[in-house]
Amino acid sequence: MGRGDLTNDEWARLGPHLPKTGDRGGRWNDHRTAINGILFRVRTGVPWWDLPDWFGNWKTGYECHRRWSADGTWDRILQAVQADADGRGRIDWSMVSVDSTSCRAHQHAAGASRRTPRVPKRRSTPRQHRSDEGLGRSRGGLTSKIHLAGEGGLRPLALLITPGQWGDSPQLIPVLERIRVKRLGGGHPRTRPDHLGGDKAYSSRRNRRYLRRRRIKHTIPEPKDQRANRRRRGSRGGRPASFDKERYKRRNEVERTINRLKHFRAVATRYDKRVFVFRGTVTVASLRLWLRS
């Protein structure tokens, strides 16, 4: 077993959630070898054709990763692992924080075909496909932005990929609506944290109204311009937003979660041309964090 490969304990937790093997043609009879190759590429950021020989044919890992990114298999596996963790009480719902991070896009990430991609052997579009491919122009060049919600245990609960120049505030609601942790005993999945934390970028009337409607307690500081505008309007400006300084200190947990994600070189720098493949890469890195004890 090489450094970064799945341990026997991690494989025992992951194996039951994988698609069945032994399909016609003998494709991917050994998921463990292919997944270890995918993890190696996500961790190191090497081109697919430079995968070491002990992971088998590089194209096997590439096709597996691309297919599972397109049809949502990685997302389903991550949700299943999260459900197992929640069943054992390993998810800290007491404080969920939201934040974003920009990822520099390598020159190889540009130039994707303008034709709409298709899921292999299916007449459908990949679930996470975007016409802009999640690439935006910033001062440093092409960038993508990862918006995520992280729990107190420094692991991502939900994520969203957008172009790098997109703002944070409009993405709060889409990210929260992607939190969906199933319950092992049945019933509705859990979608609401006990408390939500965010920085000034997420302070807006729309976001606060949404959180109040869903009865989610939150700690989001109010920027100076919004406070001045509220005071200027007098009684029509409403009451000042409550703010707990001690609880706000826990917002560093989502920043540490982002730091752990960016230890994976294929996440810190985007090499994938298609946005749904890059999202699959970030999902695999998140899955690796959930599998660690």
Side-chain angles (χ1 to χ4, degrees), residues 1-6 10-11 13-81 103 105-131 133-135 144 146 159 161 261 264-288 290-291:
M1 185 180 68
R3 186 172 71 90
D5 291 351
L6 293 171
E10 293 169 346
W11 176 251
R13 293 163 54 194
L14 180 64
H17 309 304
L18 298 177
K20 294 182 180 179
T21 58
D23 293 337
R24 184 175 59 183
R27 184 186 296 269
W28 305 327
N29 286 326
D30 187 4
H31 278 320
R32 187 168 184 174
T33 301
I35 292 177
N36 282 333
I38 294 171
L39 290 174
F40 180 87
R41 187 262 173 181
V42 173
R43 180 169 56 88
T44 61
V46 299
W48 283 103
W49 49 81
D50 287 339
L51 278 179
D53 295 336
W54 56 81
F55 294 120
N57 190 344
W58 68 268
K59 199 169 185 179
T60 301
Y62 168 74
E63 290 292 342
C64 178
H65 180 58
R66 183 179 176 86
R67 286 172 182 253
W68 288 4
S69 299
D71 60 15
T73 300
W74 284 129
D75 294 329
R76 290 190 291 271
I77 294 174
L78 179 61
Q79 290 176 356
V81 173
C103 301
H106 194 269
Q107 59 182 353
H108 295 166
S113 175
R114 295 186 178 181
R115 292 183 298 178
T116 302
R118 299 293 179 184
V119 178
K121 297 185 179 181
R122 298 182 185 178
R123 296 181 180 179
S124 59
T125 305
R127 298 177 60 186
Q128 305 298 332
H129 172 65
R130 298 175 58 101
S131 58
E133 295 297 346
L135 286 174
S144 295
I146 304 174
L159 59 95
I161 308 295
L261 273 179
F264 298 87
R265 289 177 174 266
V267 175
T269 301
R270 173 178 170 176
Y271 299 101
D272 303 305
K273 291 183 182 294
R274 294 293 190 182
V275 65
F276 71 89
V277 179
F278 179 62
R279 189 185 188 280
T281 299
V282 182
T283 304
V284 170
S286 303
L287 181 62
R288 194 69 183 89
W290 280 97
L291 289 176

> Would a 4.5 Å heavy-atom cut-off, applied to side chains only, mark L135 and R270 as touching?
Replying inline: yes
> Heavy-atom count around D53 CG within 6.0 Å, excluding the residue itself: above 12?
Replying inline: no
> So with a 6.0 Å cut-off around CZ of F55, is the heavy-atom count from everything else above 12?
Replying inline: yes
>> Check this for me: does any side-chain nitrogen of one of R41 and D272 sit under 4.0 Å from a carboxylate oxygen of the other?
In response: yes
> Would K273 and E133 pass as an ion pair if we require N to O under 4.0 Å?
Replying inline: no
Using atom types as modelled and distance alone, determine if a side-chain donor or acceptor of [X] lies under 3.5 Å from a backbone N or O of [Y].
X: D50; Y: V46; result: no
X: R288; Y: L261; result: no
X: S144; Y: G134; result: yes

>> If we count only N and O atoms by modelled type, under 3.5 Å, do the side chains of R118 and T125 hold a donor and an acceptor together?
In response: yes
>> Between R265 and T44, is there a side-chain donor-acceptor contact under 3.5 Å, judged purely by atom types and distance?
In response: no
Ring centres of [X] and [Y] under 6.0 Å apart?
X: W11; Y: H31; answer: no
X: W48; Y: W58; answer: no
X: H106; Y: Y271; answer: yes

> Nearest heavy-atom pair of D71 and R127: which atoms, and what distance?
Replying inline: O-CD, 3.8 Å
> Taking all non-hydrogen atoms of both residues, which atom of T281 and which atom of H65 are closest, and how far apart?
Replying inline: OG1-NE2, 3.2 Å
> Can you list the steps and then say if T283 with I77 is a side chain to side chain contact (heavy atoms under 4.5 Å, CB included)?
Replying inline: CA-CA 10 Å; T283 304; I77 294 174; over 6 Å; no
> Which of these, L78, V282, D75, sits in a side chain to side chain contact (heavy atoms under 4.5 Å, CB included) with L287?
Replying inline: L78
> Is there a side chain to side chain contact (heavy atoms under 4.5 Å, CB included) between R66 and R274 once you walk through the steps?
Replying inline: CA-CA 10 Å; R66 183 179 176 86; R274 294 293 190 182; 4.2 Å; yes
